[in-house]
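Working notes, structure below.
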Amino acid sequence: QLQLIESGGGSVQTGGSLRLSCAASGRTFRSYGMGWFRQAPGKEREFVVGISWSGVLTSYADSVKGRFTISRDNAKNTVFLQMNSLKPEDTAVYYCAADNTGRGKPQSEYQYWGQGTQVTVSS
């Protein structure tokens, strides 16, 4: 079992940047693929980006390619999401999740979820 805690959300203007962090408990963090999801009011939760257990493989939603970057530091049990060139449509609650298949793919089964952190981008 993992406990995931997101941080780093906030309010920025269009074109700004934020760096989200997801701190995980547990000695088996290295075994998990990790993903970031987001959900806006009235919208379904959507996959944003994922990373494999090793950090070698990544998966990005088309809407964020070239703007967002995922990375992880297994020694620190932490995954990061660097968000640049933010747009109002990026406004959502962002959730960190863990995938025990280790792949961090969009259709992986994510078993553990953080509480979410709000990102608001003003126009």
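In what follows, every heavy atom counts, from backbone to side chain, and hydrogens, waters and symmetry copies are set aside. For reference, positions follow the sequence shown, starting with 1.
Tyr95 and Gly114 make their closest contact through CD2-O, 3.6 Å (heavy atoms, listed as atom of the first residue, atom of the second, distance). Ala98 and Leu4 get closest at one heavy-atom pair: N-CD1, 3.8 Å. Of all non-hydrogen atoms in Tyr60 and Val64, the two that sit nearest each other are CD2-CG2, 4.2 Å. What you find for Phe47 and Ala61 is that their closest heavy atoms are O-CB, 3.5 Å. Nearest heavy atoms, Gln82 versus Arg19: OE1-NH1, 3.3 Å. Counting all heavy atoms, side chain and backbone alike, Ser63 lies closest to Arg38 at OG-NH2, 3.4 Å.
Relative ring orientation between Trp113 and Phe37 is described as tilted, the plane-to-plane angle lying within the 30° to 60° band.
Applying the salt bridge (Lys or Arg N to Asp or Glu O under 4.0 Å) test to pairs two or more places apart or on separate chains, those with a residue in residues 67-86 are Arg67-Asp90.
Heavy-atom contacts from other residues, nucleotides or ligands closer than 6.0 Å to CD of Gln111 number more than 12.
For the atom pair Met34 CE and Asn74 CG, the distance stands at 9.5 Å (nearest 0.5 Å). Here the OG1 atom belonging to Thr69 is positioned 6.5 Å from the CG atom belonging to Asn84, to the nearest 0.5 angstrom. Rounding to the nearest 0.5 Å gives a distance of 12.0 Å between CD of Gln3 and CG of Asn77. Rounding to the nearest 0.5 Å gives a distance of 12.0 Å between NZ of Lys105 and CD1 of Ile51.
Both Tyr94 and Tyr112 sit in one connected hydrophobic cluster of ILVMFWY residues. Membership requires side-chain heavy atoms under 4.5 Å apart, directly or through other members. Hydrophobic clustering (ILVMFWY, side-chain heavy atoms < 4.5 Å, transitive): Val93 and Leu18 are in distinct clusters. Follow the hydrophobic side-chain contacts under 4.5 Å out from Ile70 and you reach Leu20 in the same cluster. Linking Ile, Leu, Val, Met, Phe, Trp and Tyr whenever their side-chain heavy atoms come within less than 4.5 Å leaves Val49 and Phe80 in two separate clusters. Linking Ile, Leu, Val, Met, Phe, Trp and Tyr residues whenever their side-chain heavy atoms come within less than 4.5 Å places Leu81 and Leu86 in a single cluster.
A 4.5 Å side-chain heavy-atom check between Trp36 and Val79 finds at least one atom pair inside the cut-off.
Judged as a side chain to side chain donor-acceptor pair (under 3.5 Å), and not counting sequence neighbours, the contacts of Ser108 are Asp99.
Between the side chain of Ser59 and the main chain of Pro106, no donor-acceptor pair closer than 3.5 Å is present. Between the Gln115 side chain and the Ile5 main chain, no donor and acceptor come within less than 3.5 Å of each other.
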Contacts table for residues 116-123: side-chain donor-acceptor under 3.5 angstrom, sequence neighbours left out:
residue, atom, partner, partner atom, Å
Thr117, OG1, Gly9, N, 3.3
Gln118, NE2, Ala92, O, 3.4
Gln118, NE2, Thr120, OG1, 3.4
Ser122, OG, Val12, O, 3.4

